[in-house]
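Computation of the quantities below employed the complete heavy-atom set of this structure, encompassing side-chain atoms and omitting hydrogens, waters and symmetry-equivalent molecules. Positions are given from 1 along the sequence.
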Amino acid sequence: MRTEADGWISGLLGVVIFSGSLPATRVAVAGFSPLFLTSARAVIAAALALCLLATLRQKRPARADVGSLIVVALGVVVGFPLLTALALQHVTAAHSIVFIGLLPISTALFGVLRGGDRPKPAFWVFSALGSALVAGFALSRSSSGSVPGDCLMLAAIVVCGLGYAEGASLARRLGGWQVISWALAIALPVMTVATLLTLPTHWGAIAPSAWLGLGYVSVFSMLIGFVFWYRGLALGGIAGVSQLQLLQPFFGLALAGLLLGEPVDWLMATICGVVVLCVAGAKRFA
């Protein structure tokens, strides 16, 4: 029970960190191209990850784990960051929150397919209800959709769910921070070339806010958040802990209220409370 509780706490910390990812990406793409942003954040995070691996003298993963690490890299190092950066050229960060409500179900489904999780039928009821509440609430707050942006966000949710579930399965053997570190290391050669090919032509025109956005998604979204998230999924169960992502939009909206002065009203607080109950129900039957 203690191990499971540690997993849920760790997963919650990961969700809090990830909550700033889409707003930070939205700010960063105002100064950088989506391709440069995706590759640069991976290179920066990989450099830090390699320092950790070398300092702590971690042994290389087994050959049998390389394929899974490539899946993780394609899902969360390349796929989700690139697809969301492209999508955020068409939709607002607020609109993208609609799709984050689908991420828990995506992760849980891949957890069943790839991680061997077998949640009870009631779990899917709570998961679907929580996802519908989040998506409905976010959709009611945003009318700035577009077909290309929505399709890109849907694709991002699918590849991210796969990357989360695959990484969680590996984390049970390798450890949470080791999984994302090795995935970043595997992606580093390709992402370095991509960074060099997409360098900005006018560095002086890039606003400080874009640099801050790049820094956040590189250090927190791409590395530190995954340290907590993969540990949480490994200890607490992929299907169950993945439901904590239902809270991510509300954390994101709260950050928008604090940083951007956007209003936080009673409806948001009420739905957030109901979503918490859905997460508790999902945890009970995971």
Side-chain angles (χ1 to χ4, degrees), residues 14-49 51 76-100 138 141-153 155-157 160 180 184 187-188 190-227 248-264 268:
V15 168
V16 171
I17 293 171
F18 289 150
S19 297
S21 297
L22 289 177
T25 299
R26 177 68 173 173
V27 171
V29 293
F32 302 106
S33 71
L35 287 175
F36 176 80
L37 178 63
T38 300
S39 56
R41 67 188 280 183
V43 170
I44 295 170
L48 296 174
C51 289
V76 303
V77 177
V78 181
F80 184 77
L82 177 59
L83 291 169
T84 53
L86 290 170
L88 287 167
Q89 290 189 318
H90 302 278
V91 300
T92 64
H95 182 80
S96 66
I97 290 175
V98 175
F99 298 90
I100 297 301
R141 296 300 176 92
S142 175
S143 58
S144 55
S146 76
V147 173
D150 290 352
C151 290
L152 287 165
M153 282 303 304
I157 293 304
C160 189
I180 188 59
L184 286 164
L188 180 58
V190 174
M191 302 310 273
T192 299
V193 173
T195 301
L196 295 174
L197 292 176
T198 56
L199 288 171
T201 54
H202 303 289
W203 294 94
I206 300 172
S209 58
W211 286 108
L212 288 174
L214 173 60
Y216 187 92
V217 297
S218 300
V219 178
F220 291 94
S221 304
M222 197 80 269
L223 183 60
I224 296 177
F226 279 105
V227 173
Q248 185 171 327
F250 298 99
F251 289 140
L253 289 172
L255 287 173
L258 290 173
L259 301 177
L260 304 178
E262 296 181 2
V264 178
M268 173 185 167

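The shortest heavy-atom contact between Val217 and Ala24 is CG1-CB, 3.8 Å. The heavy-atom pair separating Ala45 from Leu223 by the smallest distance is O-CD2, 4.1 Å. Here the closest heavy-atom approach between residue Gly213 and residue Ala28 is recorded as C-CB, 4.1 Å. Gly149 approaches Ala87 most closely through the heavy-atom pair O-CB, 3.6 Å. Nearest heavy-atom pair across Ile17 and Gly225 is CG2-CA, 3.8 Å. Heavy-atom minimum distance, Cys160 versus Phe80: CB-CD1, 3.4 Å.
Taken to the nearest 0.5 Å, the SG atom of Cys151 stands 10.5 Å off from the NE2 atom of His90. Considering CG of Leu48 and CG of Leu184, their distance stands at 9.5 Å, rounded to 0.5 Å. Interatomic distance, Trp211 CH2 to Ser218 OG, rounded to the nearest 0.5 Å: 10.0 Å. Taken to the nearest 0.5 Å, the CE atom of Met191 stands 11.5 Å off from the CD1 atom of Ile44.
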Please test Phe220 against Phe226 for side-chain contact (heavy atoms from CB on, under 4.5 Å), starting from the C-alpha separation and ending with a verdict. CA-CA 8 Å; Phe220 291 94; Phe226 279 105; over 6 Å; no
Take Leu83 and Ile157 through the test side-chain contact (heavy atoms from CB on, under 4.5 Å) and record every step on the way to the result. CA-CA 9 Å; Leu83 291 169; Ile157 293 304; over 6 Å; no
Show your working on side-chain contact (heavy atoms from CB on, under 4.5 Å) between Leu86 and Leu82 and close with a plain yes or no. CA-CA 6 Å; Leu86 290 170; Leu82 177 59; 4.0 Å; yes
Could you walk me through whether Val29 and Leu37 pass the side-chain contact (heavy atoms from CB on, under 4.5 Å) test, one step at a time? CA-CA 7 Å; Val29 293; Leu37 178 63; 3.6 Å; yes
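At least one side-chain heavy atom of Val77 sits less than 4.5 Å from a side-chain heavy atom of Ile180. Looking only at side-chain heavy atoms (C-beta outward), Leu188 and Val43 come within less than 4.5 Å of each other.
When each of Leu196, Leu197, Val190, Thr195 is paired with Val193, the side chain to side chain contact (heavy atoms under 4.5 Å, CB included) condition holds for Leu197 and for no other.
Checked by atom type and distance alone, the side chain of Arg41 never pairs as donor or acceptor with a backbone atom of Met222 at under 3.5 Å. Side chain of Ser39 to main chain of Phe36: a donor-acceptor pair is present (N/O by atom type, distance under 3.5 Å, no hydrogens or angles).
Aromatic ring centroids of Phe32 and Trp203 lie 6.0 Å or more apart.
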